[in-house]
Asker: 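Before I ask anything, here is the structure I am working with.
Only a predicted model underlies this, so the values are computations on that prediction, with no experimental measurement involved. As a basis for the values below, the full set of heavy atoms in this structure was taken, side chains included, without hydrogen atoms, waters or symmetry mates.
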Amino acid sequence: MEKSCNSKKILISYLMKILVFFLVLFPIICFSQKIFSVEYASQADIKVYVVGYKSQADLNVFKLDYVSQIKKNEGLWYFVDYPSQAEKKIYFVDHPSQSDLKIYFVDYKSQSGWNSNSKKHLLY
């Protein structure tokens, strides 16, 4: 009887760990917006141009201070220190015609988000 009870406790503990992974860690891993800015266009996943006005952007981006603030694909970017930490590597281009994505850096987190869903797939 005691052996059966211990097995159930171990199983419940194991299932709780799996549940925590899927509810807490899995969304962060799958939808994170950890960005690294590379030096050369050939190293980039996406070429980005910073526009002068919010209305010209495909995506309004807010730079986060902490990686824990990351949310799905909503324009909340955390710039990492090393390419190996990044989900996406970007290169800032000089002209809009060279870009895959046009962004505008906003001052407030609540202003971030997509203006054009046609390019949303670039950050998945």
Side-chain angles (χ1 to χ4, degrees):
M1 181 82 170
E2 188 176 318
K3 190 175 187 180
S4 175
C5 190
N6 283 338
S7 296
K8 286 181 183 178
K9 286 180 183 179
I10 291 170
L11 180 62
I12 289 171
S13 173
Y14 178 72
L15 291 173
M16 290 300 291
K17 288 176 185 176
I18 291 173
L19 182 64
V20 167
F21 173 79
F22 279 103
L23 292 177
V24 178
L25 299 177
F26 188 73
I28 292 171
I29 293 167
C30 290
F31 301 108
S32 63
Q33 298 289 285
K34 293 185 236 174
I35 306 295
F36 182 78
S37 177
V38 295
E39 291 184 41
Y40 303 102
S42 61
Q43 299 171 322
D45 298 316
I46 303 167
K47 293 177 208 143
V48 175
Y49 180 74
V50 180
V51 296
Y53 299 97
K54 197 172 166 181
S55 61
Q56 298 171 322
D58 299 313
L59 176 64
N60 296 316
V61 174
F62 180 76
K63 287 193 254 181
L64 298 171
D65 294 324
Y66 304 100
V67 72
S68 61
Q69 297 172 316
I70 291 174
K71 290 184 182 174
K72 300 183 183 182
N73 190 355
E74 298 175 7
L76 301 173
W77 287 7
Y78 179 77
F79 284 86
V80 295
D81 296 326
Y82 303 100
S84 60
Q85 297 171 324
E87 291 296 319
K88 292 291 178 183
K89 291 176 228 131
I90 63 169
Y91 178 75
F92 290 101
V93 295
D94 297 324
H95 305 285
S97 60
Q98 299 170 321
S99 72
D100 301 316
L101 182 67
K102 294 176 186 87
I103 67 167
Y104 180 79
F105 285 107
V106 294
D107 296 324
Y108 301 100
K109 194 175 180 180
S110 60
Q111 295 173 323
S112 69
W114 289 93
N115 291 334
S116 170
N117 287 332
S118 66
K119 304 232 178 149
K120 204 170 190 177
H121 68 278
L122 293 172
L123 291 173
Y124 276 116

Asker: Taking side-chain hydrogen bond (donor to acceptor under 3.5 Å, both in side chains) as the cut-off, I'd like each qualifying pair that reaches into residues 92-104, sequence neighbours left out, listed once.
Answerer: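 Not a single pair qualifies under side-chain hydrogen bond (donor to acceptor under 3.5 Å, both in side chains).
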Asker: To the nearest 0.5 Å, tell me how far Asn115 CG sits from Leu59 CG.
Answerer: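 Going from CG on Asn115 over to CG on Leu59, the span is 8.0 Å.
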Asker: So, for Tyr49 and Val93, which heavy atoms are closest and what is the spacing to 0.1 Å?
Answerer: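 Shortest heavy-atom contact: CD1-O, 3.5 Å.
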Asker: Nearest 0.5 angstrom please: Tyr108 OH to Asn60 CG, how far?
Answerer: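 Reported to 0.5 Å precision, the distance equals 14.5 Å.
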Asker: Determine the interplanar angle of the Phe105 and Phe92 rings, folded into 0 to 90°, and report it as parallel if under 30°, tilted if 30 to 60°, perpendicular if over 60°.
Answerer: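 Phe105 and Phe92: tilted rings.
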Asker: For the OH atom of Tyr78 and the CD atom of Gln85, what is their distance to the nearest 0.5 Å?
Answerer: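 Rounded to the nearest 0.5 Å, the OH-CD separation comes out at 7.5 Å.
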Asker: For side-chain contact (heavy atoms from CB on, under 4.5 Å), just list the numbers for Trp77 and Lys63, CA-CA rounded to whole Å, side-chain angles, deciding distance to a tenth of an Å, and then say yes or no.
Answerer: CA-CA 5 Å; Trp77 287 7; Lys63 287 193 254 181; 5.5 Å; no
Asker: side-chain contact (heavy atoms from CB on, under 4.5 Å) for Ile103 and Ile90? Distances and angles first, verdict last.
Answerer: CA-CA 12 Å; Ile103 67 167; Ile90 63 169; 5.7 Å; no
Asker: Could you pull out all residues at least two apart from Asp65 that satisfy side-chain contact (heavy atoms from CB on, under 4.5 Å)?
Answerer: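 With neighbours one apart ignored, the set is Gln69.
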Asker: Please report the shortest heavy-atom distance between Trp114 and Leu101, naming the atom on each side.
Answerer: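 Smallest heavy-atom distance, with atoms named: CZ3-CD1, 3.7 Å.
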Asker: Going from OG on Ser84 to NZ on Lys34, what distance comes out if it is rounded to the nearest 0.5 angstrom?
Answerer: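 One gets 10.0 Å once the value is rounded to the nearest 0.5 Å.
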Asker: CG of Asn73 to NZ of Lys88: how many Å apart, nearest 0.5 Å?
Answerer: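 Taking CG in Asn73 and NZ in Lys88, the distance rounds to 9.5 Å.
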Asker: Which heavy atom in Ser112 sits nearest to a heavy atom in Gly75, and how many Å separate them?
Answerer: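 Closest approach of Ser112 to Gly75: CB-O, 3.7 Å.
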Asker: Quick check: does any side chain N or O of Lys120 sit under 3.5 Å from a backbone N or O of Glu74, one acting as donor and the other as acceptor?
Answerer: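 Checking the backbone N and O of Glu74 against the side chain of Lys120, no donor-acceptor pair under 3.5 Å is found.
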Asker: Taking only residues two or more places apart in sequence or in another chain, which ones pass salt bridge (Lys or Arg N to Asp or Glu O under 4.0 Å) with Lys119?
Answerer: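 Salt bridge (Lys or Arg N to Asp or Glu O under 4.0 Å) check on Lys119 returns Asp58.
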